[in-house]
Amino acid sequence: LASAASLLIGASAHAAGLTVGFSQIGSESGWRAAETSVTKQQAEKRGVDLKFADAQQKQENQIKAIRGFIAQGVDAIFVAPVVATGWEAVLTEAKEANIPVFLLDRGIDGPEDLYTTMVASDQVLEGKVAGQWLVKEQAGKDCNVVELQGTTGSSPAINRKKGFEEAIAGTSSIKIIRSQTGDFTRAKGKEVMEGFLKAENGGKNICALYAHNDDMAVGAIQAIKEAGLKPGTDIKVVSIDAVPDIFKALAAGEANATVELTPNMAGPAFDALEKLKKDGTVPPKTIITESKLYTQADDPMKVYEEKKGLGY
Ligand code: AHR
């Protein structure tokens, strides 16, 4: 009995004393900043020593950070991969060092055995939910859509585009007339939207904007206003993330819909890691988070208040 008890004490002490390396993409969006702060909060709450590395949008920096974590002999590596390709070599090194790798919020191409678990949303579904909202909203009326894509080569940019296209595929009245990357940032979202407006008769040919994240939508809303049009009315705006600022825009009638992405990817990853370390429980390959639609009808200012404190 005594040895069973000490085994248990040993197991939980080990879970609390974990060292985890986290290679974060950067701070391109409000959602990304929230994910970083939730990860730090979760680590602190659990007594995990978190080694944090900001890659400033560069895959080479992420690869360097991961190699550093391997050299330090961390208990696990969390990585939010900036793009989907090019991970095989470094993740094989982590595997050979027996360090479990958890992908947070973005997926990678290549064999699944390169990582232990991915905690992410169903990004194709996010695009579909946004597209289905527009199909319903338009109810058969013609609609020219401009699309602001996320970072080129990233899994959310690829999958959110795919999901939206699938949703509008059966509706010949809705067409994407322009599509360009806005790098998931407010500034680029505004700049690219300005180009779309200029190219499309000052915006008069545009019925809706689909942005792969809220920050680009917020930048684009500014561009629409500066062009003398009313965002949310003259040009409908649908995007993804559900950051606090988009709820302000929904409340002001300047945005129409957003699909929620939780910034708490780390919580489920730490849960899975702790179980793995405690008794060898192999976590599921993917842990999928919810994708909930919010519109102007959902009491946006109330949600805005609730969002504060959740890493935002
Ligand atoms: O990978 C998730 C995406 O990355 C978020 O939707 C976006 O805001 C972020 O930059």
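Counting starts at 1 for both ligands and their atoms, following the listed order.
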Lys/Arg cation over aromatic F22: K40, 6.0 Å, 45° cone: no

Using distance alone, decide if ligand 1 has a nitrogen or oxygen within less than 3.5 Å of any nitrogen or oxygen in N213. yes

Check contact between D241 and ligand 1, using heavy atoms of the residue and a distance below 4.0 angstrom. yes

Give the atom numbers and elements of ligand 1 that come within less than 4.0 Å of a heavy atom of S29. 7 (C), 8 (O), 9 (C), 10 (O)

Below 4.0 Å, non-hydrogen atoms only: which portion of L261 touches ligand 1? Side chain, backbone, both or neither. side chain

In this structure, are over 12 heavy atoms from other groups packed under 6.0 Å from K285 atom NZ? yes

Can you list the steps and then say if D279 with T281 is a side-chain hydrogen bond (donor to acceptor under 3.5 Å, both in side chains)? CA-CA 6 Å; D279 58 17; T281 305; 2.5 Å; yes

Provide the closest heavy-atom pair for A167 versus Q132 in the form atom of the first, atom of the second, distance. CB-N, 3.6 Å

Relative to the heavy atoms of P156, which atoms of ligand 1 are at a distance of less than 4.0 Å? 1 (O)

Output the list of atoms in ligand 1 that are nearer than 4.0 Å to some heavy atom of R106, sorted by atom number. 1 (O), 3 (C), 4 (O), 9 (C), 10 (O)

With a cut-off of 3.5 Å and sequence neighbours excluded, list every side-chain donor-acceptor pair involving residues 221-228.
| residue | atom | partner | partner atom | Å |
| --- | --- | --- | --- | --- |
| Q222 | NE2 | E226 | OE2 | 3.1 |
| K225 | NZ | E254 | OE1 | 3.2 |
| K225 | NZ | E254 | OE2 | 3.1 |
| E226 | OE1 | K190 | NZ | 3.2 |

Does only the side chain of R160 get under 4.0 Å from ligand 1, or the backbone, or both, or neither? Count heavy atoms. side chain

Is a side-chain donor-acceptor pair under 3.5 Å present for S121 with E126? yes

What residue and heavy atom of the protein are closest to atom 2 (C) of ligand 1, and at what distance? D105 OD1, 3.3 Å

Numbered atoms of ligand 1 (with element) below 4.0 Å of E28, judged on heavy atoms: 4 (O), 9 (C), 10 (O)

Sequence neighbours excluded, the answer for side chain to side chain donor-acceptor pair (under 3.5 Å) partners of Q123 is S155, N159

